[in-house]
Amino acid sequence: MKRRHSFRMACRFRRKDHRLFHGPQMRLSRYFLPILKENPREAEIVSHRLMLRAGMIRQQGQGSFSMLPLGKRVLDKVCQIVREEQNRAGALEILMPTIQSAELWRESGRYDDYGKEMLRIKDRQERDMLYGPTNEEMVTDIFRTYVKSYKDLPLNLYHIQWKFRDEVRPRFGVMRGREFLMKDAYSFDLDYEGAKAAYNRMFVSYLRTFTRMGLKAIPMRADTGPIGGDLSHEFIILADTGESQVFCDKQFLSLPVPGEATDFTDDTEIGGIVQEWTTPYAATDEMHDEAAWGKLPEGERLSARGIEVGHIFHFGEKYSKPMNAKVQGPDGKEHFVSMGSYGIGPTRLIAAIIEASHDENGIIWPESVAPFDIGLINMKVGDADCDRICDMLLDQLSAAGRDVLYDDTDQRPGGKFATADLIGLPWQVIIGPCGAAAGEAEIKNRKTGERETLPISAVVARFGAAE
RNA sequence: CGGAGUGUAGCGCAGCCCGGUAGCGCACUUGACUGGGGGUCAAGGGGUCGUAGGUUCGAAUCCUAUCACUCCGACCA
């Protein structure tokens, strides 16, 4: 059967193909991948352009985006890594509502302080509601209701939920949207020492999180504003198109990132890692100290552009005091809990990853967040050998746990290569008539461009089993 | 909010200055030929020209208002 590539076809449900709508394998002819050959005019920066061109997102309004299937897959992978590393560090996942009552915010005093960035709404009873820009109040309310003893500490609750901030100026696609997904974690401890340990755990967790996504994230001392203290860091990844100018010691590029064996229950070990990662010089232009910078040898200085992908913050009793969140300590007295909050923007991270990893042909996904592991390209759909081999490889690679996107459309080879490069799957497995006749497949690495030819029978073993 | 700009088919654009009932490329539909880096031929479908008002015999085009989006500045995951 001849079938041109049409993303509309994905809407037509065919019974005999129903298994193709789920699971790790996907036929491009059945997928919804509205790729664009030309750059949409409104997209100025490369990640925005590529996300639109690769059919990942659809802009629905200023700073608001739908995630299309390819984008949703990446988002899910990013969130999963975030989730795993939060859990590893001892945080517990919950899910709080997006719409909040103004009451809690009046308690903390922020209902008046927050300003126009907060979207205020009234419900049908004329009650003041708001679309949450963050969740300190709500999580503090949960905490104070149930936790009364220091014995239940430390506690860290996080969720991954949509936020809305009516930004003065949304821009750069999902990089600065108004509605965006955020992982926000909140720690509760008896005292400053405990809070500092909680802070350190998130610090180390973040190092691992970004590294797993193929990013080099550098923690930089951040402005703590009116609250003061030294416990606030922004995690900046280096990308030529980044928003802010950053200055740091080249040491960061070679500092070892804590591995899976890291013991998050060992405060000394965690504190040591934080010490190591906060000693060399690093600052964004707002916090830049020319004198300290000048002391670094010329060759050790790294001046670059960066994108903020995470921010951790200790704020002590800022919310526990006005909201009366107390626990009884070992001394028998009541103590306001010492809190911190820790944010990562998964939607922004997607853009940041693209900014850090692309070329003139499109996106280059790190394997950990790629929407599919492998693009299987049938160079001549309709050719009996090519079709048979591709069907077989699709089944075998899927059975081995690999996510495969099978290009079974009848586009010409050039178009298929262009699509595969654009959407940036880490590997392309190419089956053409000549290779098929010789029993050979070609494998291309998207990142390096390297190609290798190998027997078709060796393809599955070449990729091995997914972990 | 201040400054700059753009709205014409799904996407990218021309037409506007000089008013006469909308066009190009890509995409899409049908058929044929093709088949290793965005093919060729043929035949088609699709547009309240952002919206509203005004000027005019007649408005995509001129005037007024308004909305949306983008970029630059102060803020932020």
Side-chain angles (χ1 to χ4, degrees), chain A residues 2 4-9 34-45 48-49 52-53 55 58-64 78 82 114-118 133-135 160-185 206 209-210 217 222-223 225 233-237 243-244 284 286 307-313 341-352 361-362 377-383 386 409-422 428 430-436 441-442 444 449 451 453:
Chain A
K2 261 197 171 177
R4 289 178 185 279
H5 175 223
S6 160
F7 57 80
R8 287 200 199 114
M9 296 188 78
I35 65 167
L36 305 174
K37 274 192 184 177
E38 290 174 273
N39 287 322
R41 179 180 27 189
E42 73 272 16
E44 289 282 323
I45 66 163
H48 191 194
R49 278 205 302 269
L52 287 165
R53 287 197 54 209
R58 157 86 181 159
Q59 182 159 2
Q60 304 293 169
Q62 196 188 31
S64 127
V78 167
V82 169
Y114 213 94
K116 287 193 163 179
E117 235 179 52
M118 184 158 73
T134 174
N135 286 67
I160 300 176
Q161 176 65 291
W162 293 97
K163 302 291 184 291
F164 190 94
R165 292 183 187 173
D166 204 349
E167 294 275 350
V168 179
R169 188 150 108 74
R171 59 185 138 168
F172 304 147
V174 299
M175 191 80 83
R176 181 179 307 285
R178 293 200 291 175
E179 187 168 357
F180 60 97
L181 201 57
M182 182 162 95
K183 184 286 297 181
D184 37 326
Y206 276 30
T209 301
F210 301 127
D223 191 0
H233 285 88
E234 292 177 356
F235 287 75
I236 305 272
I237 66 151
E243 283 189 86
S244 37
T284 58
E286 300 96 35
I307 301 169
E308 182 186 350
V309 291
H311 196 161
I312 60 178
F313 197 54
S341 72
Y342 315 90
I344 290 179
T347 33
R348 171 182 285 188
L349 258 177
I350 295 174
N361 295 322
I377 300 178
N378 185 339
M379 299 296 289
K380 191 173 182 182
V381 172
D383 178 278
C386 289
T409 65
D410 81 341
Q411 279 193 100
R412 297 177 55 90
K416 294 199 177 198
F417 289 135
T419 298
D421 287 349
L422 174 63
Q428 296 168 19
I430 302 158
I431 304 296
C434 296
E442 186 179 332
K444 179 184 160 188
R451 297 158 183 272
T453 301

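Each chain gets a letter, A, B and so on, in the order the sequences are listed, and its residues count up from 1. Atom set for the values below is all heavy atoms of this structure, side chains included, hydrogens, waters and symmetry mates excluded.
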Sugar-phosphate, base or nothing in reach of A/Gly415, heavy atoms under 4.0 Å: base
Between B/A60 and B/U51, how many Å separate the two C1' atoms, rounded to a whole number? 14 Å
Measure the distance from NZ on A/Lys416 to P on B/U34 and round it to the nearest whole Å. 18 Å
Given side chain to side chain contact (heavy atoms under 4.5 Å, CB included), test A/Ile344 with A/Phe235 step by step and report yes or no. CA-CA 9 Å; A/Ile344 290 179; A/Phe235 287 75; over 6 Å; no
Would you mind telling me which of B/C71, B/C76, B/U34 lies closest to the side-chain atoms of A/Arg412? B/U34
Sequence neighbours excluded, the answer for ring-ring contact (aromatic ring centres under 6.0 Å, His included) partners of A/Phe164 is A/Tyr131
For A/Arg169 and B/C76, what is the distance between atoms CZ and P respectively, to the nearest whole Å? 16 Å
Options B/C69, B/A77, B/C26, nucleotide nearest the side-chain atoms of A/Gln59: B/C69
Heavy-atom side-chain contact between A/Arg348 and A/Phe172 under 4.5 Å: no
What is the base-pairing partner of B/C26, counting Watson-Crick and G-U wobble geometry with both distances under 3.5 Å? B/G10
Could you tell me whether A/Phe172 contacts a base, only the sugar-phosphate backbone, or nothing, with contacts defined as non-hydrogen atoms closer than 4.0 Å? sugar-phosphate
Which part of the nucleic acid, if any, lies within reach of A/Thr419 when heavy atoms closer than 4.0 Å are counted: base, sugar-phosphate only, or nothing? base
Residue A/Arg53, side-chain heavy atoms: nucleotide from B/G35, B/G37, B/G38 that is nearest: B/G38
Under a plain distance cut-off of 3.5 Å, with no hydrogens placed, do A/Gln161 and A/Asp184 share a side-chain donor-acceptor pair? no
For a quick check, tell me whether the side chain of A/Arg176 and the base of B/C76 share a donor-acceptor pair closer than 3.5 Å. yes
Among the nucleotides B/C76, B/U70, B/G38, whichever has the atom closest to the side chain of A/Glu167 is B/C76
Quote, to the nearest angstrom, the C1' distance that separates B/A59 from B/A42. 37 Å
Roughly how many Å apart are B/A14 and B/C62, using the P atom of each and rounding to a whole number? 15 Å
Taking atom P in both B/U6 and B/C17, compute the distance separating them and give it to the nearest angstrom. 16 Å
A/Lys380 and A/Pro413, any side-chain heavy atoms less than 4.5 Å apart: no
For A/Phe180 and B/A77, say yes or no: do the ring centres fall under 5.5 Å of each other while the ring planes differ by less than 30°? yes
Base B/G37 to side chain A/Lys444, donor-acceptor N/O within 3.5 Å cut-off: yes
Under a 3.5 Å cut-off for both distances, is B/C16 Watson-Crick or wobble paired, and to whom? none
Ignoring the backbone of A/Arg451, work out which of B/G36, B/C75, B/G38 is nearest its side chain. B/G36
Which sits closer to the 5' end of RNA chain B, A/His48 or A/Glu308, going by the nucleotide each is nearest to? A/His48
Out of B/U34, B/C75, B/G38, which nucleotide sits closest to the side chain of A/Glu117? B/C75
Which is true for A/Ile430 with a 4.0 Å heavy-atom rule: it touches a base, it touches only sugar-phosphate, or it touches nothing? base
Nearest-angstrom distance from the residue atom CE of A/Met175 to C1' of B/U70: 16 Å
Counting primed atoms, P, OP1 and OP2 as sugar-phosphate and everything else as base, the B/S/- map of nucleotides 10-16 of chain B against protein heavy atoms under 4.0 Å is -BSS---
Base, sugar-phosphate or nothing for A/Gly61? Non-hydrogen atoms, less than 4.0 Å. sugar-phosphate
For B/A4, which nucleotide in any strand shown is its Watson-Crick or wobble partner with both distances under 3.5 Å? B/U70
Residue matched to B/C62 through Watson-Crick or wobble contacts both under 3.5 angstrom: B/G54
Given side chains that start at C-beta, do those of A/Arg178 and A/Gln62 come closer than 4.5 Å, heavy atoms only? yes
Gap between atoms NZ and C1', on A/Lys163 and B/C75 respectively (whole Å): 19 Å
Integer angstrom distance from the C1' of B/U61 to that of B/C18: 10 Å
Side chains of A/Asn361 and A/Phe417 in contact at under 4.5 Å (non-hydrogen atoms): no
Is any side-chain N or O of A/Gln62 closer than 4.0 Å to OP1 or OP2 of B/A68? no
Nucleotide paired to B/C75 in any strand shown, Watson-Crick or G-U, under 3.5 Å: none
Of the candidate nucleotides B/G35, B/G38, B/A77, which contains the atom at the shortest distance from the side chain of A/Lys37? B/G38
Using the C1' atom on both, measure B/C57 against B/G45 and round to a whole Å. 34 Å
With rounding to the closest Å, how many angstrom separate the P atoms on B/C16 and B/G50? 15 Å
Regarding B/U70, can its base be found pairing with the side chain of A/Arg171 as donor and acceptor, where the two atoms are less than 3.5 Å apart? no
How long is the straight-line distance from CG of A/Asp166 back to OH of A/Tyr114, given to the nearest 0.5 Å? 11.0 Å
Toward the 5' end of RNA chain B, which comes first, A/Gly343 or A/Gly173, by nearest nucleotide? A/Gly173
Looking for any heavy atom pair under 4.0 Å, which part of the strands does A/Gly115 touch: base, sugar-phosphate only, or nothing? nothing
Does A/Lys444 reach the side chain of A/Asp421, with side-chain heavy atoms less than 4.5 Å apart? yes
Would you indicate what A/Met379 reaches in the nucleic acid, counting non-hydrogen atoms under 4.0 angstrom: base, sugar-phosphate, or nothing? base
Look through every strand shown and name the nucleotide pairing with B/G47 as Watson-Crick or G-U wobble, where both distances are under 3.5 Å. none
Could you grab the distance from atom OG1 of A/Thr284 to atom CD of A/Glu234, nearest 0.5 Å is fine? 5.0 Å
Suppose we define a pair by two distances each less than 3.5 Å, Watson-Crick or G-U wobble; what does B/G31 pair with here? B/C41
Could you work out, with ring-ring contact (aromatic ring centres under 6.0 Å, His included) as the rule, every residue matching A/Tyr342, not counting sequence neighbours? none
Please classify the nucleic acid contact of A/Gly432 as base, sugar-phosphate, or nothing, using heavy-atom distances under 4.0 Å. base
